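As the structure is a computational prediction, the values presented were derived from the model and not from experiment.
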Amino acid sequence: MGVEISPREAEVLELVGAHLSNAEIAARLCISVRTVESHVSSLLRKLEAPDRRALARRAPAPAGAGPAPVLPTPLTSFIGRASERAELTEMTTAHRQVTAVGPGGVGKTRLALAVAAEVSGEYADGVWFVDLVPVTDPGLVATAVAGALGLGEQPGRDMTESVLAALADRHALLVLDNCEHVADGVTLFLERLLATCPRVTVLATSRARLMVPFERVYPVPPLTVAVDGESDAVALFMERAAAVGWPLDPPLRDQVAAICERLDGMALAIELAAARCPMLGFDGISAALSHPLRMLTGGSRADERHRSVRAALDWSHALLEPADRALLRRVSVFVAPFTAAAAAQVTGDEDEEGLVADGLARLAEQSLLTVTTSLGRTEYRALETIRRYGMERLSEAGELINARSRHLRWCLAQAAGLAVVGEDWRARFDLVADDLRAALAWAADRPEQRVDAFELARCLAELTFTRHLTGESQRRYEQAAALATDPAASASMLRQAAAVAGCRTAGDDMYRLRRAAADAARASGAAAAADLAAAATIAFRFSTTFVRRPSQEEALQLISEAREQAGDDPAAQAAVALAEAAVLTDAFGAVQGPPGNAVPETRERAEHAVELARRTGDPLAESAALDALTGAQSWAGDPFAAAATARHRIMLLSSLPISPAGTHELIDALGIVAEAGLGAGDVQGARRWARQLADHPSLAEVGHRATCRLLMVAALAGDADEVLTGSVRFLDAWQRAGSPARSILAPAVAGVAMVHGLRGDHDARRAWQEILSRLGTAPEHAYGYGAVFDAMLLLHHGQAPEALERMAPEPRQMWKWITWIWHHWYVALRSETAVLAESPDARGIVAEARTVVAGNPVAAAIVERAGALLDGDRKALLATADAFDTAGCRYQFARTLVLAGGDHAERGAAALAALGFAPMRPVSRRW
């Protein structure tokens, strides 16, 4: 490529070319997301690529026509089916959704895998295999697909939306295996997938067609059994028999063909029969196939082919010792791989683990279980056809409820054991997660198991939250609320669900669930004041996360009801006080807030809310009230108090255990403390908090939310490298999220656009300005971040009169979105524009600015620099360079040297170039 690229950069480039997100690349290479961002930024510069898409096109093509298919590796060879492969390949090429249908054991999965491997080169973005066997809930089909794609959940979107965003522009083949038991969920998922992702093709396997209008069905036939010519069935039998140490001579083909014919050419039955050759020989196999019990079909529920598979399974089952039959049917309750210890507990043989292990080994020898051994851990799993057969046998034996109940108790114990998070926690959770879900699905429908079902739903909600599966966590909390026998417990679960919804930035759900918690609280005989007040607060505090914002009138009604029920309950009184600060005086600056509220009243109500919250001893309640006070202090033009309050909030939350409410509060607090620190001139502190937010694991898959504060801070500090690196993650995540129009992202985007302008990259600046126009920026923000970033760019290019015009309004004429974190920046930059534009009012503007920004190291240095320029005092001007350097504002440091002229200007120009910025336009000053 003509440039030197490190081995790690080459790995990252290859994965960018495969259209993986930074979070996916980090997971694949076992490095941090920030390290990936750094490599991507370096590659963009080295390869002179304008954006990530262009960078992906520069990635070297892997060997072959496309990326290697993400398919499971079969442990045995694929035999025959040449015509079937050709026919199914042709259908898959011609149609976007093909379903290979047939009875269990006919070989649908192996045929689909063979076809997928054969056509993988035709799909630029690869082939992906999704095993739906462990999925017991139709609503979790998208979760299984996301897992196969390596996607995590993204707050604010469900798993289906995450998958659709990831596949929107990809040319890929998706293989969905074993759809029959979750067909309803598959059809709903496919309708959205195929409508949204025009270059994705789906090959599904199922026992029955999916019954969707765009489906093309391919019936998978049994293996050919004719003796004359080629016979796939005979070839399979002979190959599998040889594999178990019983090679067959060609003259025996007739006998083999006869057995295969009696098995109706069913692949599973043939493989089971071949595996028994060393023990039974042809005579024993023929005798076994003649036994009447081996011909049980389940009556009219099964067709002829199904009867053939059942015959093979019945035959294999009949050859087992009674203890092994019992073991096979009892372990069929496991939907995921299990250990001998787990099997012993679920089968009721806790004291006989050794005997259970022996029994599992015998079942594995007879191909009824598969075995996987890794890192000293041996796991067993029944193929789905065999597992379902075992479940039927379990029911016939009258043991289903007992076995399911023991499995439920085992799942509860596993969930309890996962309560303490350790080094290998994630791996341990992933091993049992599907069994926890299956046990819950069974127990939730049985009234006598309701207590245990509630407990498992509650545990699974907590565990999935820890696993950062926040969408499922919210659903499980809501499920636990529905299963609770005590309305008070239901209310508690609904509050937790609301907190998880907050982590997902799903304001509508937050609001709905707190109102539902109020209803549950009333049903329990308790007051609902705190929940009603919390709902009113949510409507204003998190108004930017709503699709449908509740009106002020609606929130006022909630407050009125809350006041009536609060009584002398301190927690309820504190919640009502916070709601009043939010709704009556708009302490959070909500869109639907009252426009004419007064600053003194806002601050007074916020301080009252803090006082009452502190009396409750609840750190989360106090943190929420402190958030309101931070806003009130900012609106009052007191950024130092706002920054101190925001820091106190972080200290209050830092020692709390992980919980949905605590995590939601901490994520919000990190964003606020970064902004408040920036408003007070603590650039390095703001950067530290913003980086902590960007690295928060709950935001790993939503980089636009994670990085927006860091981009804003880095832009004001003039750190071009961090802006360029972070903007790659921001843009990638924002586009994957569907390019949401969220005004909270606008300051970051404006900062990125400014940095590109400072670099002289006008095309990139226009692209980011276009993004800014799509974010729905409110007009009242025009003289906040908009004016600050515009003025910095105009001054860099020597356009002081235009900058002064951009900042024409006096700060005292506005509040809220100019007096928030932008107040001192606006005042300071306005003083410099007045001086450089040679305004007749410049001296008065500088004098007033000194008073306003006193104590702010960055803003004060800008004002002092303006004064030095006005007075022609080069020494005073150079003194401000040291202040900027100490504050961590390298751009302002370099700019000061350029303004100083002479040799200093040369040093400043070099410093600007080192930062990646274009030269400044010269400014005429007399020294």
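- Nearest approach of Arg687 to Ala717, heavy atoms of both residues: NH2-CB, 3.2 Å.
- Residues Leu43 and Arg58 have side chains not in contact (no heavy-atom distance under 4.5 Å, counting atoms from C-beta outward).
- When all heavy atoms are compared, the tightest approach of Leu878 to Ala900 is CD2-CB, 3.7 Å.
- Panel note: side chain Gln684, backbone Thr886; a donor-acceptor pair is recorded below 3.5 Å.
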Please report the C-alpha distance between Val40 and Thr725 in whole Å, then the side-chain angles of each, then the deciding distance to 0.1 Å, and finally whether the side chain to side chain contact (heavy atoms under 4.5 Å, CB included) criterion is met.
CA-CA 7 Å; Val40 171; Thr725 299; over 6 Å; no

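- Looking at every heavy atom in both residues, Leu869 comes nearest to Val835 through CB-CG1, 3.9 Å.
- Although no hydrogens or angles enter the test, the distance criterion places no donor-acceptor pair under 3.5 Å between the side chain of His797 and the main chain of Arg921.
- Taking the side chain to side chain contact (heavy atoms under 4.5 Å, CB included) definition, one finds that Arg890 meets it with Asp885, Phe893, Leu915, sequence neighbours left out.
- Taking the side chain as every heavy atom from C-beta outward, Trp822 and Phe789 approach each other to under 4.5 Å.
- Using a 4.5 Å heavy-atom threshold, the side chains of Gln692 and Arg688 count as separate.
- The side chain to side chain donor-acceptor pair (under 3.5 Å) search around Arg691 returns Glu722, not counting sequence neighbours.
- Remark: Ala764 pairs with His756, Asp761 by the side chain to side chain contact (heavy atoms under 4.5 Å, CB included) rule, at least two apart or across chains.
- Residue Ile845 comes nearest to Ser831 through the heavy atom pair CG2-CA, 3.7 Å, listed as atom of the first residue, atom of the second, then distance.
- Using a 4.0 Å cut-off between charged side-chain N and carboxylate O, Asp903 and Arg907 make no salt bridge.
- Using a 4.5 Å cut-off on side-chain heavy atoms (C-beta onward), Leu699 and Leu693 make contact.
- Applying the salt bridge (charged side-chain N to carboxylate O under 4.0 Å, His left out) test to residues at least two apart or on different chains, the pairs with a partner in residues 666-686 are Arg541-Asp668, Arg649-Asp668, Glu675-Arg709.
- To the nearest 0.5 Å, atom CZ of residue Phe730 and atom CH2 of residue Trp734 are 7.5 Å apart.
- Note that the CD atom of Glu802 and the CG atom of Leu794 stand 6.5 Å from one another [nearest 0.5 Å].
- Note that the CD atom of Glu770 and the CG atom of Leu772 stand 9.5 Å from one another [nearest 0.5 Å].
- Every residue was checked against the side chain to side chain donor-acceptor pair (under 3.5 Å) condition with His904, not counting sequence neighbours, and none meets it.
- Thr602 OG1 to Leu629 CG: the interatomic distance, rounded to the nearest 0.5 Å, is 11.0 Å.
- Side-chain atoms of Arg806 do not come within 3.5 Å of backbone N or O of Ala791 as any donor-acceptor pair.
- Nearest heavy atoms, Tyr785 versus Pro747: CD2-CG, 3.6 Å.
- Arg843 is listed as a side-chain neighbour of Asp871, based on a closest heavy-atom distance under 4.5 Å.
- Phe884 is linked by a ring-ring contact (aromatic ring centres under 6.0 Å, His included) to nothing, counting only residues two or more places apart in sequence or in another chain.
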Show your reasoning for whether side chain to side chain contact (heavy atoms under 4.5 Å, CB included) applies to Glu848 and Glu810.
CA-CA 11 Å; Glu848 184 177 357; Glu810 293 187 9; 5.6 Å; no

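- Here the side chain of Thr896 pairs a donor or acceptor atom with the backbone of Gln892 at under 3.5 angstrom.
- Here the closest non-hydrogen pair linking Cys708 and Leu745 is CB-CD2, 4.1 Å.
- Looking at Thr707 and Arg729, their side chains never bring a donor and an acceptor atom within 3.5 Å of each other.
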CA sep, side-chain torsions, deciding dist, call: Leu13, Leu47, side chain to side chain contact (heavy atoms under 4.5 Å, CB included):
CA-CA 11 Å; Leu13 180 59; Leu47 300 179; 4.0 Å; yes

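- Contacts of Arg850 classified as side chain to side chain donor-acceptor pair (under 3.5 Å), with partners at least two apart in sequence or in another chain: Glu864.
- With sequence neighbours excluded, the residues forming a side chain to side chain contact (heavy atoms under 4.5 Å, CB included) with Ala876 are Ala868, Asp873, listed by chain and number.
- In this structure, the separation between CZ on Arg647 and CH2 on Trp689 is 9.0 Å, given to the nearest 0.5 Å.
- Taking 4.5 Å as the limit, some side-chain heavy atom of Leu716 sits within range of a side-chain heavy atom of Leu678.
- Here the side chains of Ile650 and Leu670 are in contact, with some heavy-atom distance below 4.5 Å.
- Between Ile821 atom CD1 and Ile672 atom CD1 the span is 9.0 Å, to the nearest 0.5 Å.
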Carefully, step by step, assess Arg742 and His704 under the rule side chain to side chain contact (heavy atoms under 4.5 Å, CB included).
CA-CA 10 Å; Arg742 296 290 176 86; His704 53 301; over 6 Å; no

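- By the ring-ring contact (aromatic ring centres under 6.0 Å, His included) test, His664 is found to be paired with Phe542, residues two or more places apart in sequence or in another chain being considered.
- The ring-ring contact (aromatic ring centres under 6.0 Å, His included) test applied to Tyr891 returns His796, Phe917, not counting sequence neighbours.
- Side-chain atoms of Asn856 never come within 3.5 Å of backbone atoms of Ala860 as a donor-acceptor pair (strictly under, hydrogens ignored).
- By the side chain to side chain donor-acceptor pair (under 3.5 Å) test, Thr544 pairs with no residue at all, sequence neighbours left out.
- By the side chain to side chain contact (heavy atoms under 4.5 Å, CB included) test, Glu805 is found to be paired with no residue, residues two or more places apart in sequence or in another chain being considered.
- Side-chain contact between Leu731 and Ile771: present, with at least one pair of heavy atoms (C-beta onward) separated by less than 4.5 Å.
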